[in-house]
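To keep things clear, I will list the structure first and then write my remarks on it.
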Amino acid sequence: MSSAKPRLRFAPSPTGYLHIGGVRTALFNWLWARKTGGTFILRIEDTDQERSTPENEQIILRDLSWLGLNWDEGPDVGGPNGPYRQMERLALYHSFADKLIEKGGAYRCYCTKEELDAQREAVKAKDPKGQFRYPGTCRDRKPPYPERPYVVRLKAPSSGTITYNDLVFGEVSTPNNTQQDWVLIRNDGVPLYNFGCVIDDITMGITLVARGRDHMINTPIQLILYEALGYTPPQFAHLPMMLAPDGTKLSKRHGAVAVGEYREKGLTPDGLLSYLVRFGWSFGDEEIFTKQSLVEKFDWERCSKSDGKFDFKKLAAVAFEHLKRDDLTSAKDYVDGAEKFLTKKGFANIDRNKIEEAMPMIRERAQTFIEAADALDYFFREPPTMDEKAVKKQLTADKAAHLATFRQLMANAPSFKAKELEAIVLEWLAKEGLTLKDVAQAARVAVTGRAASPGLFEVMEVLGRDICLARLDRGIEICKGSAQA
RNA sequence: GGUCCCAUCGUCUAGCGGUUAGGACAUCGGCCUCUCACGCCGGUAACGCGGGUUCGAUUCCCGCUGGGAUCGCCA
């Protein structure tokens with residue numbers, strides 16, 4: 001390899017949301033570019049005009065940005081090798097196609113779709129398992145008169161073998177006799193994947209192509225094109241597939257597959273990336289990473305070849321770890337995230353200090369910011385939403401007396417610190433021959449509206465005396481039946 | 001079916017000829033405890049099969065089996 005800096009690209013087609021499998025691919029390319037001081041390019045492969053939309057392109061850019069996988073050249077930032085949308089590069093493809101035709105590496109094919117469909121069916125009729133291969137009808141045919149629309153076909157070699165050295169799979173060979181004269185450019189002038197991809201990789205100076213293993217079948221064809229065009233191909237690194245838990249292709253019916261869904265659930269970018277990077281790469285037993293640590297540690301040698309199955313529970317655990325640890329999510333980022341998700345729930349004028357005070361107890365029980373916002377709910381809602389089942393079970397008539405005493409102790413406590421409140425209550429309980437169990441649950445429901453919460457006294461300290469007394473009063477009323485939950 | 005690729009606990013994986021086959025998630029016990037979590041301790045659980053090579057194979061080679069990808073004027 002030359003000493004030139006690596007140039008890598010992520011080339012999604014804007015035919016849908018950004019898929020987590022696509023993120024994994026983007027991540028590996030990005031990592032190598034960042035590790036080597038190379039260039040990471042974002043190219044939009046929008047030649048499928050049926051399904052590509054500008055909205056999808058925007059979603060892809062937004063989600064990639066959210067993940068922090070920034071690009072040096074791309075449709076929005078431009079760059080010296082633009083444009084970065086294939087539909088804006090049509091003239092380029094045509095000029096390469098013309099050159100290739102001149103060199104005898106490709107030819108114009110005037111067969112109609114109907115003719116080919118008929119041939120395809122004929123093959124099927126003779127042998128249901130047989131596969132149709134274009135017979136090269138137009139290889140040496142003169143253009144018809146009058147001229148009609150044509151496709152450009154590759155003049156594929158029928159003998160020999162294509163071999164390349166894959167960075168993760170090693171040496172891969174494919175016999176050419178399985179190739180055929182693939183269509184390079186459709187009759188509407190729009191290139192097909194293999195052609196557009198190769199021309200772009202050539203003209204954008206791509207030195208290494210890392211992509212999913214599902215593309216491995218395309219590599220020999222692309223290599224044939226490089227050869228025919230007279231260019232040195234880039235290196236290839238194919239990545240094992242990310243499959244659904246049932247071993248089939250990961251799709252919507254298996255759960256969340258769009259990056260946006262994870263952002264909306266409140267995972268952190270690095271949390272998601274930490275999980276995704278382990279599909280096809282590992283660094284000993286480590287599984288919690290930051291982008292920075294990945295840039296340092298990543299290399300192709302540590303890539304694996306076997307496909308992996310997605311495990312949503314494991315992702316949740318990894319994401320949780322990222323949210324829990326303050327060296328991975330700073331206090332400020334945590335408060336920012338919690339505030340954002342509280343806002344989404346409809347809260348306004350949120351007291352960030354209160355979030356910060358409650359944060360330590362929320363952190364160890366919220367796996368996502370959505371859960372954090374939920375756990376924070378009763379700190380900001382007045383009165384708190386009362387869980388019906390919890391009320392029914394705990395705020396019963398027989399609890400009224402104890403709760404009233406509890407309330408008085410809270411009212412008279414010299415300070416409102418968790419430790420002191422607990423000491424006061426414990427002292428009273430000891431005198432009465434009771435335990436915390438006898439009052440804590442009812443008090444918890446009164447104060448938080450829920451059957452489960454962080455430590456009662458910690459919660460009360462953050463809530464403050466006034467709010468706690470008001471909530472306890474209401475709880476006592478409910479016990480007596482003089483108030484509804 | 002053709003072509004390409006893969007193969008360690010249920011899952012992600014460590015392992016790069018000699019290990020009591022390790023970790024994490026999940027799962028099952030237990031501890032902690034005002035609930036829920038967190039945390040801690042412990043258990044169950046894997047080298048697909050058959051041949052080679054070797055003093056010795058999870059590790060190297062071959063075959064089988066199993067799985068996946070792909071066979072479009074989609075990408």
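Convention: sequence-line order gives letters A, B, ...; per-chain numbering from 1.
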Please determine, for the side chain of A:K324, which listed nucleotide (B:U13, B:C38, B:C36) has the closest atom?
B:C38
A:K265/A:E371 salt bridge by N-O under 4.0 Å criterion
no
Answer with base, sugar-phosphate or nothing: what part of the nucleic acid does A:V445 contact at a heavy-atom distance below 4.0 Å?
nothing
Determine which pairs satisfy ring-ring contact (aromatic ring centres under 6.0 Å, His included) with at least one residue from residues 154-174 of chain A, sequence neighbours left out, and list them in order.
A:Y164-A:F236
Indicate for each nucleotide in nucleotides 21-32 of chain B, in 5' to 3' sequence, whether protein heavy atoms under 4.0 Å reach the base (B), only the sugar-phosphate (S), or nothing (-).
-BBBSS------
So A:G455, base contact, sugar-phosphate only, or nothing? Heavy-atom distance under 4.0 Å.
base
Which comes earlier along RNA chain B counting from the 5' end, the contact point of A:A11 or that of A:D246, where each point is its nearest nucleotide?
A:D246
Contact nearer the 5' end of RNA chain B, comparing A:P245 with A:P175
A:P175
Going by the angle between their ring planes, with limits at 30° and 60°, are A:W281 and A:F283 parallel, tilted or perpendicular?
parallel
Is it true that a side-chain atom of A:R139 and a backbone atom of A:Y107 form a donor plus acceptor pair closer than 3.5 Å?
no
Protein and nucleotides 69-72 of chain B: nitrogen or oxygen contacts under 3.5 angstrom:
unit_1, atom_1, unit_2, atom_2, d
B:U70, OP1, A:K249, NZ, 3.4
B:C71, O2', A:Q131, OE1, 2.6

Given 3.5 Å as the limit, does a donor-acceptor pair link the side chain of A:D200 with the main chain of A:C197, or not?
no
Side chain A:R89, main chain A:R85, donor-acceptor under 3.5 Å:
no
Is there a side-chain contact between A:K113 and the phosphate of B:C73, meaning an N or O under 4.0 Å from OP1 or OP2?
no
Just to verify, which of A:I424, A:V447, A:L421, A:V462 counts as forming a side chain to side chain contact (heavy atoms under 4.5 Å, CB included) with A:F457?
A:L421
NA contact type, A:N218, heavy-atom cut-off 4.0 Å: base, sugar-phosphate, or nothing?
base
Parallel, tilted or perpendicular: which one describes the rings of A:F279 and A:F310, with boundaries at 30° and 60°?
parallel
B:C25 pairs with which nucleotide, Watson-Crick or G-U wobble, both distances below 3.5 Å?
B:G10
Near RNA chain B, under 4.0 Å by heavy atom, which residues of residues 43-50 of chain A?
A:E45, A:T47, A:D48
When we call it a touch if two heavy atoms are under 4.0 Å apart, what does A:G22 touch: a base, just sugar-phosphate, or nothing?
nothing
Looking at B:A14, I'd like to know if its phosphate oxygens (OP1 or OP2) sit under 4.0 Å from a side-chain N or O belonging to A:S282.
yes
Give a yes or no on whether A:E432 atom CD has more than 12 heavy-atom contacts from other residues, nucleotides or ligands under 6.0 Å away.
yes
Is any side-chain nitrogen or oxygen of A:K305 closer than 4.0 Å to OP1 or OP2 of B:C5?
no
A:W428 meets the ring-ring contact (aromatic ring centres under 6.0 Å, His included) criterion, sequence neighbours left out, with none
Which ones in residues 85-95 of chain A lie close to RNA chain B, meaning a heavy atom under 4.0 Å from one of its atoms?
none
